[in-house]
Chemist: 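This is the structure I want to talk about, given as structure tokens.
Nothing fancy with the numbering, it's 1 onward along the sequence. What you see is a predicted model; the values in this text were computed from it and never measured.
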Amino acid sequence: MPPSASAPNPAPNDAPTLAKAERPAGDPPAAPTLTDRAARLASGLIGGPFGDHAADPPRRRFWIPIRVILLTGLIAFAVNWIQKYPCSAGGWVDWQQYTNACYTDIRALWGAEKLNEGAVPYRDHPVEYPVLTGWFMGVLGQIAYRIGSVAGTDGGPVFWHLNAIVLFICGAAAIAVLHAIRRDNRRTDIPGPNPDPALVHSRPSRPWDAMMLAAAPVILVTATVNWDLFAVALSMPFFLYWQRGRPVMAGLFLGLAVAAKFYALLFLGPLLILALRQKKLLPALQATATAAITWAVINGPVAYLWPDSWMRFFELNSERPVDWGTGWYVLRGLTGWERLWDSEFVNDLYLVLFALSCLGIAALGYFAQRRTAGGGYGLKTPSTEDVVPRLAQLCFLVVATFLLFGKVWSQQYVLWLLPLVVLARPKWGFFLVWQAAELFYFFSFYGKMLQVSAEDGRGIPEGLFLAAAASRWLAVAVMCALVVQEILIPRLDAVRSLPKRPSRGAPPRPPRGAADPAPAEAL
């Protein structure tokens, strides 16, 4: 059983570092059907929740959690492959990319980025993506172009299938890393350089949380819309290595993720805020410096050799008008406010709102539960109570507000949020509500594209599309509110698994791991 919050830390010479602390053997993982109401209800379809007489661990050791989760993820990726297959050949006719909801940027950009001519990204043609994603498409584009040239066929289908295979590998890697994060589930907020291993592993192991990523319904339709799974796979090791106390490796993967998609840059703010709060700036600065160097090494040669092509990504983001399905689009549709057609005005308004949101999140991360953690304002003795906001919670809030107030919110951006939601709030109930809202928007988007593209009256009305976009916006906003609530009330956080406060007059609940009290004799 974990020690109480007041238990002293062992002497520095006797305690292992955070990176070397291992979870005690035999510590059973949390059963989803016992810790999550939605999972408990759904388990009725397969025999009910985990029972008192169930074998833990199970006797059949082949189907361990990671294998079950990865198999589920591979099935989801296979369904996505089938769903996008009608668009893989290109030459779309009669708007089939919209009627089949199988549109993918990967296939569309085969010609738009001149990969079908053997062009090298940045050198021969400017690319609208960060450098690492540009090289990703460029390497596979060269392979597909040469295969097509040798076979005397169009390399476009080869290009799409090659990308799908590599992206599915990236997705499986992201699932495996998320599983490792939650299986270990160690704390990083304990004061002192050599924390007590019992405190480090006082949270329960939660390997089944990774199933939320593997089985997320939106994976079925968005996994290969663009190259976002590549960036997601690079960003997940940042959280794993930071949790294990290896800031340089965490910074390396953070730099790689930013070089693939810029959204990962938003992780730096929460990292530094928590470092300031815990007075552990050196590891955070090491991670930040490593990320900056990694990004510069990748971007430097391209920026030097082909500066105009390299700047294309930044120019496009500043010039783009309000995009389909954003909060600004919904607001413009509901109010008719003409100023929202002005991209410069929206840019300025977005920057103000996002900056204010970041300040609010920073204040939340720095001040939430400080009285409880320190025993009172002004006390210098830190507490080991598990109340400090978790890094993933703050990262989710920053990325979510970036999308809520941004002027571009492409359908595949849901992949950015998926692992962050699982790390921040692994509860199936509202997660599935949010997924339903994302699917509603996904299919409504193609209905809207059909309505504005076809000339025969097909598609959906504007009101339905606005309803779908608004439902997605509201679902993400509510998820943010739930995460904020769990930061302010840590006992609601499933990851911490803190005991609930007993009602007045009730006997105190024993800590995890303690033997159950003997039942009173029947009268």
Chemist: What heavy-atom pair brings Val127 and Gly134 nearest, and what distance separates the two atoms?
Modeler: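 That would be CG1-CA, 4.4 Å.
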
Chemist: To the nearest 0.5 Å, how far apart are CG in Asp189 and CG in Leu199?
Modeler: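 Taking CG in Asp189 and CG in Leu199, the distance rounds to 9.5 Å.
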
Chemist: So do the side chains of Leu439 and Val218 get within less than 4.5 Å of each other, counting heavy atoms only?
Modeler: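 Yes, close enough: below the 4.5 Å cut-off.
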
Chemist: Taking all heavy atoms of Val421 and all of Met479, pick out the closest pair and write down the distance.
Modeler: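 It is CG1-CE, 3.9 Å.
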
Chemist: Could you tell me which residues satisfy disulfide bond (SG atoms under 2.5 Å apart) with Cys170, sequence neighbours excluded, listed by chain and number?
Modeler: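 Result, disulfide bond (SG atoms under 2.5 Å apart) vs Cys170: none returned.
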
Chemist: Does the side chain of Leu178 come within less than 4.5 Å of Met212's, by heavy atoms?
Modeler: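 Not in contact.
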
Chemist: Is the ring centre of Phe136 less than 6.0 Å from the ring centre of Tyr129?
Modeler: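 Centroid separation for Phe136 and Tyr129: 6.0 Å or greater.
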
Chemist: Does NZ or CZ of Arg370 fall inside the cone over Tyr366's six-membered ring, less than 6.0 Å from its centre and within 45° of the axis?
Modeler: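 Relative to the ring axis of Tyr366, which defines the angle, Arg370 lies inside both limits.
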
Chemist: Among residues at least two apart in sequence or on other chains, which ones pass salt bridge (Lys or Arg N to Asp or Glu O under 4.0 Å) with Lys84?
Modeler: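 Result, salt bridge (Lys or Arg N to Asp or Glu O under 4.0 Å) vs Lys84: none returned.
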
Chemist: Can a cation-pi geometry be assigned to Arg246 and Tyr241, taking NZ or CZ under 6.0 Å from the six-membered ring centre and within 45° of the ring axis?
Modeler: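 Here Arg246 fails the 6.0 Å and 45° test against Tyr241.
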
Chemist: Any side-chain heavy atom of Pro490 within less than 4.5 Å of one from Val387?
Modeler: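 A side-chain contact under 4.5 Å exists here.
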
Chemist: Once you round to the nearest 0.5 Å, how far does CG of Leu391 lie from CD1 of Ile273?
Modeler: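 If I round to the nearest 0.5 Å, the distance is 11.5 Å.
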
Chemist: Go through the steps for Leu254 and Leu268 under the test side chain to side chain contact (heavy atoms under 4.5 Å, CB included), then give the verdict.
Modeler: CA-CA 9 Å; Leu254 181 59; Leu268 282 178; 3.5 Å; yes

Chemist: Does any non-hydrogen side-chain atom of Leu397 lie less than 4.5 Å from one of Gln393?
Modeler: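 Sidechains of Leu397 and Gln393: no contact.
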
Chemist: Between Glu486 and Lys427, does at least one N-O distance fall below 4.0 Å, as a salt bridge requires?
Modeler: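 Answer for the salt bridge query: yes.
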
Chemist: Let me know which of Phe267, Tyr413, Phe314, Phe402 forms a ring pair (Phe, Tyr, Trp, His ring centres under 6.0 Å) with Phe262.
Modeler: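 Passing option: Phe314.
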
Chemist: Under 3.5 Å, is there a donor-acceptor pair between the side chain of Lys407 and the main chain of Arg320?
Modeler: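 Yes, the answer is positive, given that a donor and an acceptor are paired below the 3.5 Å cut-off.
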
Chemist: Sub-3.5 Å donor-acceptor pair from the side chain of Ser444 to the main-chain atoms of Ala468, do we have one?
Modeler: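 No; zero donor-acceptor contacts below 3.5 Å.
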
Chemist: Please lay out, stage by stage, how Leu492 and Ile489 fare under the test side chain to side chain contact (heavy atoms under 4.5 Å, CB included).
Modeler: CA-CA 6 Å; Leu492 300 179; Ile489 310 175; 3.8 Å; yes

Chemist: State, with a plain yes or no, whether a side-chain heavy atom of Leu420 is found less than 4.5 Å away from one of Phe239.
Modeler: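 Yes - at least one pair of side-chain heavy atoms lies under 4.5 Å apart.
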
Chemist: Can the ring centroids of Phe230 and Trp227 be said to lie less than 6.0 angstrom from one another?
Modeler: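 No.
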
Chemist: Report yes if the side chains of Phe465 and Trp324 come closer than 4.5 Å at any heavy-atom pair, otherwise no.
Modeler: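 Yes; the side chains approach each other to less than 4.5 Å.
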
Chemist: Between Leu274 and Gly365, which heavy-atom pair has the shortest distance, and what is it?
Modeler: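 Taking Leu274 first and Gly365 second, the nearest heavy atoms are CD2-O, 4.0 Å.
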
Chemist: Give me the atom names and distance for the closest heavy-atom approach of Gln435 to Ala216.
Modeler: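 Heavy-atom minimum between the residues: OE1-CB, 3.5 Å.
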
Chemist: Quick one: OG1 on Thr288 to CG on Leu271, what's the gap to the nearest 0.5 Å?
Modeler: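 Here the interatomic distance stands at 5.5 Å.
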
Chemist: From Asp184 CG over to Arg244 CZ, what is the distance, rounded to the nearest 0.5 angstrom?
Modeler: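 So the gap between those two atoms works out to 5.5 Å.
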
Chemist: According to side chain to side chain contact (heavy atoms under 4.5 Å, CB included), who are the partners of Val478, at least two apart in sequence or on a separate chain?
Modeler: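 Partners of Val478 by the side chain to side chain contact (heavy atoms under 4.5 Å, CB included) criterion, ordered by chain and then number, come out as Phe430, Leu482.
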
Chemist: Between Gln412 and Asp105, what is the shortest heavy-atom contact and its length?
Modeler: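 Minimum heavy-atom separation between Gln412 and Asp105: NE2-OD2, 4.0 Å.
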
Chemist: Decide if the gap between the ring center of Trp337 and the ring center of Phe345 is smaller than 6.0 angstrom.
Modeler: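 Yes, ring centres under 6.0 Å apart.
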
Chemist: Classify the ring geometry between Phe238 and Trp242 as parallel (under 30°), tilted (30 to 60°) or perpendicular (over 60°).
Modeler: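 Correct class here is parallel.
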
Chemist: Do Arg203 and Arg186 make a side-chain contact, defined as non-hydrogen atoms from C-beta onward lying under 4.5 Å apart?
Modeler: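 Not touching, per the 4.5 Å side-chain cut-off.
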
Chemist: Could you tell me whether the side chain of Trp434 reaches within less than 4.5 Å of the side chain of Leu418, counting heavy atoms only?
Modeler: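 Yes; the side chains approach each other to less than 4.5 Å.
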
Chemist: Knowing that exactly one of Trp473, Trp409, Phe354 qualifies, which makes a side chain to side chain contact (heavy atoms under 4.5 Å, CB included) with Leu403?
Modeler: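 In the set Trp473, Trp409, Phe354, the residue that makes a side chain to side chain contact (heavy atoms under 4.5 Å, CB included) with Leu403 is Trp409.
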
Chemist: Classify the ring geometry of Trp416 against Tyr263: parallel below 30°, tilted from 30° to 60°, perpendicular beyond 60°.
Modeler: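 Rings of Trp416 and Tyr263: parallel, under 30°.
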
Chemist: Under the criterion side-chain hydrogen bond (donor to acceptor under 3.5 Å, both in side chains), which of Arg182, Arg187, Arg183 is the partner of Asn185?
Modeler: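 Going through the options one by one, the only one that passes is Arg182.
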
Chemist: On the six-membered ring of Trp341, is Arg332 placed so that its NZ or CZ lies under 6.0 angstrom from the centre and within 45° of the ring axis?
Modeler: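 Yes.
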
Chemist: Walk me through it: do Leu334 and Val330 pass the test side chain to side chain contact (heavy atoms under 4.5 Å, CB included)?
Modeler: CA-CA 6 Å; Leu334 294 177; Val330 174; 3.7 Å; yes

Chemist: Under a 3.5 Å cutoff, is there a donor and acceptor pairing between the side chains of Tyr103 and Gln411?
Modeler: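 Gln411 and Tyr103 do not have a side-chain donor-acceptor pair below 3.5 Å.
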
Chemist: Look only at the side chain of Thr401 and the backbone of Val398, and say whether a donor-acceptor pair between them is shorter than 3.5 Å.
Modeler: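 A pair under 3.5 Å: yes.
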
Chemist: Quick one: CG on Asp386 to CD on Gln369, what's the gap to the nearest 0.5 Å?
Modeler: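 Between atom CG of Asp386 and atom CD of Gln369 there are 10.5 Å.
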
Chemist: What verdict does the side chain to side chain contact (heavy atoms under 4.5 Å, CB included) test give for Asn163 and Thr224, after you've listed the backbone C-alpha separation in whole Å, the side-chain angles of each residue and the deciding distance to 0.1 Å?
Modeler: CA-CA 8 Å; Asn163 275 274; Thr224 52; over 6 Å; no

Chemist: Indicate yes or no: does Arg390 engage Asp493 in a salt bridge with an N to O separation below 4.0 Å.
Modeler: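 Yes, charged N to carboxylate O under 4.0 Å.
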
Chemist: Is any NZ, NE, NH1 or NH2 atom of the basic residue among Asp228 and Lys261 found under 4.0 Å from an Asp or Glu carboxylate oxygen of the other?
Modeler: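 Salt bridge between Asp228 and Lys261, a charged N being under 4.0 Å from a carboxylate O: yes.
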
Chemist: What closest approach, in Å, do Ala284 and Ala275 show between heavy atoms, and which atom pair accounts for it?
Modeler: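 That would be CB-CB, 3.5 Å.
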
Chemist: So, taking the atom named CG in Leu234 and the one named CG in Leu252, what distance separates them when rounded to the nearest 0.5 Å?
Modeler: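 CG of Leu252 is found 9.5 Å from CG of Leu234.
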
